[in-house]
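Working notes for the structure below.
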Amino acid sequence: MRIASFNINGIKARLPRLLEWLEETRPDIACLQELKTSDETFPAQEIEAAGYGAVWHGQKGFNGVAILARGAQPQEVARGLDGEPEDEHSRYLEAEVNGLRVATIYLPNGNPCPGPKFDYKLRWMKRLRARAAEIWAEEVPAILAGDYNVIPYDRDVWSVGAMADDALMQPESRSAYRALTGDGWTDALAAIHPAGGVWTYWDYQAGAWQRDAGFRIDHLLLSPIAADRLVTAQVDKAYRGREKASDHAPVWVELRD
DNA sequence: ATGTCATATCCGATATGA
């Protein structure tokens with residue numbers, strides 16, 4: 001089975017791109033981020049017509065995440081992360097699909113740093129790690145998929161110097177990400193492409209796509225049972241070059257049944 | 001390169017978040 005993650009940067013503006021990607025690549029499960037729309041305006045009918053059941057956690061204007069399943073209805077398990085009741089950002093949704101636990105994650109960007117947004121990012125990462133530990137304790141096959149807004153290693157960015165002051169690359173961000181992989185979660189893209197040089201995001205500005213000035217921030221983290229079934233992990237890079245593309249490309253893993 | 005894009009607000013601009 002194939003499980004994909006795609007930061008679509010606005011489901012309203014991106015719906016034709018999303019539907020053609022679903023039709024052309026037929027992922028079994030698709031985790032979406034940055035819906036930028038409310039629960040009421042989520043295009044559930046169009047997605048159902050494409051053959052996908054869905055759960056979603058929307059928000060007006062920004063954030064928003066969803067889990068799509070081909071020919072199945074995901075069963076919601078959790079909405080949002082514990083630990084900060086006043087946090088109303090729609091950034092985390094967890095569901096069960098055919099025996100697989102799936103989380104869709106839109107981790108805070110954290111810029112500018114230092115500052116309150118960066119502090120929020122680090123607190124959010126701590127809360128995510130706590131939730132990941134709870135899932136771990138259930139010993140179920142699980143995948144934590146999404147836009148982590150973290151460049152894990154220097155080999156995951158086209159220019160270390162250009163991004164040195166960015167929240168995505170700060171030692172605190174990296175250390176919080178490595179705490180997750182240190183807990184035993186497998187970064188699937190990194191496992192399949194250990195040499196690096198694989199990007200999932202290219203900025204709209206300054207001709208970043210044309211210069212291949214990108215980096216890797218969309219990650220698929222696998223629990224041990226899921227990691228044992230890992231066949232391959234790839235980026236649907238060509239979708240970044242289409243008309244009216246998102247600034248992220250879809251990423252996916254293939255797991256043995 | 002202060003470079004692009006999507007969304008919201010009150011209808012053509014500016015603000016926000018990325």
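First the proteins, then the strands, lettered A, B, ... as listed; each starts at 1.
B:dC11 sits 14 Å from B:dA15 when the P atoms are compared, rounded to a whole Å. Rounded to whole Å, the P atom of B:dC10 lies 22 Å from the corresponding atom of B:dA6. Between B:dG17 and B:dG12, the two P atoms lie 26 Å apart (nearest whole Å).
Regarding A:Arg242, its CZ atom lies at a distance of 18 Å from the P atom of B:dC5, rounded to whole Å.
Grouping Ile, Leu, Val, Met, Phe, Trp and Tyr by side-chain contacts under 4.5 Å, direct or through others, puts A:Leu220 with A:Met1, A:Ile3, A:Ile29, A:Val55, A:Val65, A:Ile67, A:Leu93, A:Val97, A:Leu100, A:Val102, A:Tyr106, A:Ile143, A:Leu189, A:Ile192, A:Val198, A:Leu222, A:Leu230, A:Val235, A:Val251, A:Val253, A:Leu255. Through direct or indirect side-chain contacts shorter than 4.5 Å among Ile, Leu, Val, Met, Phe, Trp and Tyr, A:Ile225 is connected to no other residue. A:Leu168 forms part of a hydrophobic cluster together with A:Ile151, A:Val157, A:Trp158, A:Val160, A:Met163, A:Met169, A:Trp199, A:Tyr201, A:Trp202, A:Trp209, A:Phe215, A:Ile217, judged by ILVMFWY side-chain heavy-atom separations under 4.5 Å. Residue A:Trp185 is found in a hydrophobic cluster whose other members, listed by chain and number, are A:Leu81, A:Tyr92, A:Ile105, A:Leu107, A:Tyr120, A:Trp124, A:Met125, A:Leu128, A:Ile135, A:Trp136, A:Val140, A:Leu144, A:Tyr148, A:Val150, A:Tyr177, A:Leu180, A:Leu221; membership requires side-chain heavy atoms under 4.5 Å apart, directly or through intermediates.
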If the sugar-phosphate is the primed atoms plus P, OP1 and OP2 and the base is the rest, what is the B/S/- string for nucleotides 7-18 of chain B, using protein heavy atoms under 4.0 Å?
SSS-------BS
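For A:Phe118, there are no ring-ring contact (aromatic ring centres under 6.0 Å, His included) partners, not counting sequence neighbours. For A:Trp252, there are no ring-ring contact (aromatic ring centres under 6.0 Å, His included) partners two or more places apart in sequence or in a different chain.
Within a heavy-atom distance below 4.0 Å of DNA chain B, no residue of residues 152-171 of chain A is found.
A salt bridge links A:Asp28 to A:Arg70: at least one charged side-chain nitrogen sits closer than 4.0 Å to a carboxylate oxygen.
Pairs of residues two or more places apart, or lying in two chains, never qualify as side-chain hydrogen bond (donor to acceptor under 3.5 Å, both in side chains) while including a residue from residues 42-54 of chain A.
Residue whose closest nucleotide on DNA chain B sits further toward the 5' end, between A:Lys244 and A:Arg211: A:Arg211.
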